[in-house]
Amino acid sequence: MEKKKEIVMSGIRPTGFLHLGNYFGAIRNYIKMQDAYECYFMVADLHSLTTHPDTKELKQNVERVLAENIACGLDPEKAALYCQSHLPETSELYLYLNMLAYKGELEKTTTFKDKVRQHPENVNAGLLTYPVLMATDILIHRASYVPVGKDQEQHLEMARNFAQRFNHRYGNIFPEPAAFNFGENLVKVPSLDGSGKMSKSENGMSTLFLADEDDMIRKKVMKAKTDSGPTEPNSPKPEYIENIFGLMQLVSTPDVIAKFDEDYNNCNIRYGDFKKQLAEDMVKFISPIREKINNILPDKKYLKNVMEMGAEKGIKSTNATMKLVREAMGLKYY
Ligand code: TRP
């Protein structure tokens, strides 16, 4: 008999455009996992209501995030790719788990404290229980692994606590979900402004988005900080030069990188040519993805089909879990 695959779950916030950091940090790993695991990848539309009660742009943002992930290689036939709001039982389990979450621990959550500072005018209960909803997303599929970045580790730890409390009180239903560790595959995608990493909130000119046009990619790369070049052979590289090499590692061939490295060490690197090479290799990498995004986005029928297919797989999994949950809790009177 075929061994049942282990379950992986992750959520993606529908907040606009994906960038190179998202690609190498998360999406590429989702794609690698979709054969070996039973994967649930979800667009966290309900979570976005905790900070964005205005839903005018929600549909558009959900469609974009779906299109961008599919264009990168996420296969809706293999993984369950769905919207959080399409699994109605999410709300039910969220309610039960809320009874096991304490006000004190929720108030201590780092992301909650950050949001309170940023938006003191909208400290709603949904924001406070954000980690409970995230735990629900994971536990409702009885997932074992959650590929997330460092910023989500505290939420994941809370999910383990809620699972433990539930199991202890009502019976063993939930595995304790662990962060999926990519080991040495964790790559840093440096920002083009010389320090830090690419991010949505940073200055848009230092981040390469998967939807950027070729000329925009060139313009951003050519603006990357350099200097007049090394004067001593084999000198250490300043961070901003190291970063350009770092970006090259992601998209250029090893011989190209070796050539510029040698030029650097021999003090005859020409930064104009160096950046031009990186710009062209970036264009080669990003433009097929961008074209796929642009083909998928207007195809509303296809996107609807993807969401329906994902919801169907998702609901099958949540139904099975919730049946066990209600029984374990004794919420079954006839
Ligand atoms: N909170 C996550 C983020 O901000 C998104 C998310 C929602 C998530 N539900 C999840 C991630 C479940 C992993 C598992 O990025």
Side-chain angles (χ1 to χ4, degrees), residues 10-35 39-45 47-48 52 55-86 147-149 187 189 191-192 197-221 247 250-252 278-311 313-314:
S10 195
I12 313 155
R13 265 178 309 172
T15 43
F17 296 84
L18 295 180
H19 53 73
L20 217 59
N22 299 130
Y23 179 86
F24 286 102
I27 305 172
R28 194 177 54 155
N29 294 317
Y30 297 168
I31 294 160
K32 278 195 233 149
M33 298 174 102
Q34 54 188 1
D35 288 307
C39 292
Y40 294 89
F41 296 129
M42 173 201 85
V43 180
D45 56 343
H47 271 117
S48 75
H52 295 73
T55 53
K56 258 201 312 294
E57 284 167 16
L58 194 52
K59 177 167 188 264
Q60 189 187 318
N61 290 340
V62 166
E63 288 179 349
R64 172 158 290 277
V65 125
L66 288 171
E68 294 193 331
N69 277 280
I70 296 168
C72 290
L74 219 146
D75 184 350
E77 302 276 345
K78 290 183 185 162
L81 180 59
Y82 63 93
C83 298
Q84 193 176 27
S85 61
H86 288 167
V148 282
V187 289
V189 181
S191 151
L192 285 165
K197 50 182 194 159
M198 284 193 189
S199 86
K200 262 192 275 233
S201 44
E202 281 282 308
N203 160 20
M205 283 309 284
S206 52
T207 295
L208 293 168
F209 292 95
L210 301 176
D212 278 346
E213 295 292 335
D214 292 351
D215 283 344
M216 180 55 87
I217 298 170
R218 292 190 181 102
K219 193 166 147 200
K220 287 182 179 177
V221 172
L247 289 167
L250 303 173
V251 294
S252 303
L278 175 62
E280 290 319 307
D281 290 338
M282 275 296 169
V283 165
K284 241 185 265 161
F285 180 81
I286 292 176
S287 65
I289 299 178
R290 182 191 63 234
E291 271 154 37
K292 280 190 204 136
I293 298 171
N294 292 341
N295 286 335
I296 294 170
L297 265 184
D299 194 346
K300 304 295 174 200
K301 222 174 101 191
Y302 171 73
L303 286 168
K304 176 168 178 272
N305 187 254
V306 165
M307 286 189 257
E308 280 173 350
M309 210 162 50
K313 289 188 227 176

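Since the structure is predicted, the reported quantities are computational estimates derived from the model, not experimental observations.
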| Run the side-chain contact (heavy atoms from CB on, under 4.5 Å) check on Glu63 and Leu297 step by step: do they pass? | CA-CA 7 Å; Glu63 288 179 349; Leu297 265 184; 4.3 Å; yes

Once you round to the nearest 0.5 Å, how far does [atom1] of [X] lie from [atom2] of [Y]?
X: Ile286; Y: Leu208; atom1: CD1; atom2: CG; answer: 5.0 Å
X: Glu308; Y: Cys83; atom1: CD; atom2: SG; answer: 11.0 Å
X: Asn22; Y: Ile12; atom1: CG; atom2: CD1; answer: 9.5 Å
X: Leu278; Y: Ser252; atom1: CG; atom2: OG; answer: 5.5 Å
X: Ile289; Y: Glu68; atom1: CD1; atom2: CD; answer: 9.5 Å
X: Leu210; Y: Ile217; atom1: CG; atom2: CD1; answer: 9.0 Å

| When Asp212 is tested against each of Arg290, Arg218, Lys219, Lys220 for side-chain hydrogen bond (donor to acceptor under 3.5 Å, both in side chains), which residue passes? | Lys220

| Taking the side chain as C-beta and beyond, is there a heavy-atom pair between Leu303 and Val62 under 4.5 Å? | no

| Above 12 or not: heavy atoms from other molecules or residues under 6.0 Å from NZ of Lys301? | no

What heavy-atom pair brings [X] and [Y] nearest, and what distance separates the two atoms?
X: Val65; Y: Pro14; answer: CG2-CA, 4.0 Å
X: Pro147; Y: Met33; answer: CG-SD, 3.9 Å
X: Ala80; Y: Lys313; answer: CB-CB, 3.8 Å
X: Cys39; Y: Gln34; answer: SG-CA, 3.8 Å
X: Met198; Y: His19; answer: O-CE1, 3.5 Å
X: Ala279; Y: Val221; answer: N-CG1, 3.8 Å

| task | Classify the ring geometry between Phe285 and Phe24 as parallel (under 30°), tilted (30 to 60°) or perpendicular (over 60°). | result | parallel

| Parallel under 30°, tilted from 30 to 60°, perpendicular over 60°: which one fits the rings of Phe41 and Tyr30? | parallel

| said: Any salt bridge linking Glu280 with Lys284? Criterion: basic side-chain nitrogen under 4.0 Å from a carboxylate oxygen. | reply: no

| query | Given Thr207 and Leu20, is the side-chain contact (heavy atoms from CB on, under 4.5 Å) satisfied, shown in steps? | reply | CA-CA 8 Å; Thr207 295; Leu20 217 59; over 6 Å; no

| request: Would you mind telling me which of Asn61, Leu58, Leu66 makes a side chain to side chain contact (heavy atoms under 4.5 Å, CB included) with Val43? | output: Leu66

| message | Quick check against the 3.5 Å criterion: does Asp281 have a side-chain atom that pairs as donor or acceptor with the backbone of Val251? | response | no

| said: Run the side-chain contact (heavy atoms from CB on, under 4.5 Å) test on Ile296 and Asp299 for me, step by step, so that the C-alpha distance in whole Å, both residues' side-chain angles and the decisive distance to 0.1 Å come before the verdict. | reply: CA-CA 5 Å; Ile296 294 170; Asp299 194 346; 5.6 Å; no

| field | For Lys78, salt bridge (charged side-chain N to carboxylate O under 4.0 Å, His left out) partners two or more places apart | value | Asp35

